[in-house]
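In what follows, every chain begins at residue 1, and chains take the letters A, B, ... in the order their sequences are listed. In what follows, every heavy atom counts, from backbone to side chain, and hydrogens, waters and symmetry copies are set aside.
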Amino acid sequence: MKDEEIFKAEVSTELELPLYDAIAAGFPITSDYPAERLDFNRDFIKHPESTFFVKVKGDSMKDAGIYDGDLCLVDRAEEMVHGNIVAAYVNGGFTVKYLDTSTKDEGFIRLRPANTDYKPFIVDASDEFIVWGKVIFTIRDWRNSYCLPL
Amino acid sequence: MFAIVDCDNCFVSCERVFRPDLNGKPVVVLSNNDGCVVARSNEAKALGIKAGTPYFQLKDLFPGQEIAVFSSNYELYIDMTDRVMSLIRQEVPEFYRYSIDEGFCMLDGMNFLDLKEWGEKLHQTIKRCTGMPVSIGIAQTKTLAKMASHYAKKYPGFNHCCYIDNIERRNKALELYPIEEVWGIGRQYAKRLQAERVTTAYDFAMKPKSWVRATFNVVVERTWRELNGDDCVPLEDLGKKKSICTSRSFPGMVPDFETLRTSISNFAAHCAEKLRKQQSAASIVSVFIDTNHFREDLPQYWNWAQESLLTPTSSTQDIVQCALRCTQRIFRQGYQYKRAGVVVAGICPDTAVQTNFIDYDSERYEKKKRLDEAIDKINRMNGSETIVLGSQQYTAKDGKGKAGVFRDSIKHDFRSPSYTTKWSDIPEAK
């Protein structure tokens with residue numbers, strides 16, 4: 001048995017080493033220090049292919065914290081179950097509501113608003129209805145709004 | 001093993017994702033400038049609307065029919081089909097996009113799967129995620145896969161996926177397949193074959209190889225081999241087009257050389273851009289101009305001209321200059337032009353350009369290449385036609401100077417919103 005083995009250095013790939021020519025004081029500034037940054041698209045949108053935007057009109061979902069003018073990110077790939085907030089297409093237009101399937105066995109379901117001024121919308125076989133996608137995020141522009149609660 | 005995934009009635013389906021009320025109804029999408037029908041829903045096909053029907057004839061040909069009409073919205077179609085292609089890419093070892101709405105998957109290495117089941121599942125995933133219905137054909141060769149996708153589209157029983165997995169099934173598929181529908185058999189070859197009593201793909205596949213070789217050429221022989229299960233269409237041939245055409249009908253009539261010249265410049269610049277996108281160069285540039293044949297009250301004129309380049313190029317400057325020389329040769333005063341186009345052909349990879357010692361100047365060549373790269377980059381980041389050649393600029397309305405770019409000159413009266421690519425156009429939900 002040999003005491004030492006000699007390996008040939010592997011130099012086929014390049015390794016770039018940062019060169020600091022002024023380390024006299026302080027911490028070296030290097031642009032490649034935090035390798036990863038927070039990236040909304042990468043970190044929050046799981047399925048870019050199936051994610052779409054819709055813009056909310058009206059205040060029917062205000063008690064859920066979704067206001068007029070908010071942007072909703074809608075993912076069509078997400079599983080949708082009773083209780084989710086969904087974007088649906090009903091009788092010629094898009095709507096954002098709670099999906100209530102508790103009455104499914106009776107032949108209809110409900111789209112429930114989050115605002116006591118509005119009644120739930122009852123959807124049965126006579127309606128043109130598609131659950132289009134699940135609302136996964138809302139984005140609100142606070143810049144020009146009055147933010148202090150009244 | 002190959003699979004081809006093909007979007008069903010692609011443009012119409014894109015529109016319907018955001019207009020589910022149009023499901024089950026006749027829908028058509030028009031070509032650029034709202035000239036003629038380029039995409040039809042199944043219901044529109046059932047009504048008898050043919051591809052290429054001029055828009056203005058629709059009302060007369062199908063009176064009383066409620067037909068939903070859209071102008072082309074390429075922004076939407078490209079975004080939606082990119083999503084579809086991206087989903088497919090995630091499912092296969094290797095994928096080759098063939099056109100805006102179809103692509104080939106190389107399935108070797110996943111034979112352990114039940115491919116029919118895999119295809120049905122892929123269709124479901126794409127439908128759920130994007131709303132786009134697709135048809136999937138799976139077979140031993142690309143030509144057979146193309147044929148299979150046709151059956152997947154035609155027969156609902158296949159659940160959007162047709163898998164030709166044995167010889168009996170292949171022969172049955174070939175017998176029912178008209179020769180003119182075979183991928184790679186053009187209209188001209190189909191005519192010649194029909195004259196020889198070859199009417200189905202099966203008739204053709206059963207002909208002796210020696211006959212095919214003696215009667216036709218290598219390309220037709222390749223198709224024959226593919227139909228017999230011998231994979232021989234090289235992948236590199238798929239993505240790259242043999243010729244690239246940019247043509248448009250004008251919104252109005254164009255009587256003057258100056259305006260026509262500007263349009264031709266734009267078409268030529270587009271061709272050059274497309275060439276660079278697929279890393280090709282072209283050695284033939286041709287231009288055609290045409291008057292409006294529906295206006296029988298006006299004098300008619302059609303002509304074309306072509307020029308060969310000594311050294312193949314993808315340079316915007318070179319191709320535009322060449323196209324303008326062609327235009328100069330065929331332009332005649334006194335006609336109302338309705339349509340024009342530029343075709344580039346003689347396409348080769350830009351890495352294998354055969355240079356010519358008479359006109360080749362390597363320094364100039366490199367300079368132009370770098371300039372085009374820079375322009376492409378800027379236009380990609382800031383929107384197409386951010387930087388154009390002077391000859392691409394239309395004369396301003398007041399007749400002084402140059403203004404107004406390409407895009408503004410296209411007519412699209414029935415264009416849907418760009419639901420997925422413009423903040424101002426995203427759907428509203430109440």
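- Near-neighbour residues of residues 125-138 of chain B relative to chain A, defined by a heavy atom under 4.5 Å from a heavy atom of that chain, comprise B:Lys127, B:Arg128, B:Cys129, B:Thr130, B:Gly131.
- Heavy-atom contacts from other residues, nucleotides or ligands closer than 6.0 Å to CZ of B:Arg16 number more than 12.
- The line from CD of B:Glu428 to NZ of A:Lys55 is 7.5 Å long, rounded to the nearest 0.5 Å.
- Within a 6.0 Å radius of NZ in B:Lys116, more than 12 heavy atoms belonging to other residues, nucleotides or ligands are found.
- Within the 4.5 Å cutoff, no side-chain heavy atoms of B:Ile426 are placed close to those of A:Phe52.
- Around the NZ atom of B:Lys45, the shell of radius 6.0 Å holds more than 12 heavy atoms that belong to other residues, nucleotides or ligands.
- Counting heavy atoms of neighbouring residues, nucleotides and ligands inside a 6.0 Å radius, atom CD of A:Glu79 does not exceed 12 of them.
- By the 6.0 Å contact criterion, CD on B:Glu117 is open, its count of non-hydrogen atoms from other residues, nucleotides or ligands being 12 or less.
- In this structure, chain B has a heavy atom under 4.5 Å from the backbone of A:Pro48, while its side chain stays farther away.
- If you measure heavy-atom distances from B:Val84 to chain A, you find no contacts under 4.5 Å at all.
- Within a 6.0 Å sphere centred on CD of B:Glu366, other residues, nucleotides and ligands contribute more than 12 heavy atoms.
- With sequence neighbours left out, A:Lys97 forms a side chain to side chain donor-acceptor pair (under 3.5 Å) with A:Ser60, A:Thr95.
- Distance check, rounded to the nearest 0.5 Å: CZ of B:Phe18 to OH of A:Tyr89 gives 11.5 Å.
- Within 6.0 Å of the CZ atom in A:Phe44, the count of heavy atoms belonging to other residues, nucleotides or ligands does not exceed 12.
- Of the two parts of B:Asn23, only the side chain, counted from C-beta on, holds a non-hydrogen atom closer than 4.5 Å to a non-hydrogen atom of chain A.
- When the shell of 6.0 Å around CD1 of A:Ile139 is examined, it contains more than 12 heavy atoms from other residues, nucleotides or ligands.
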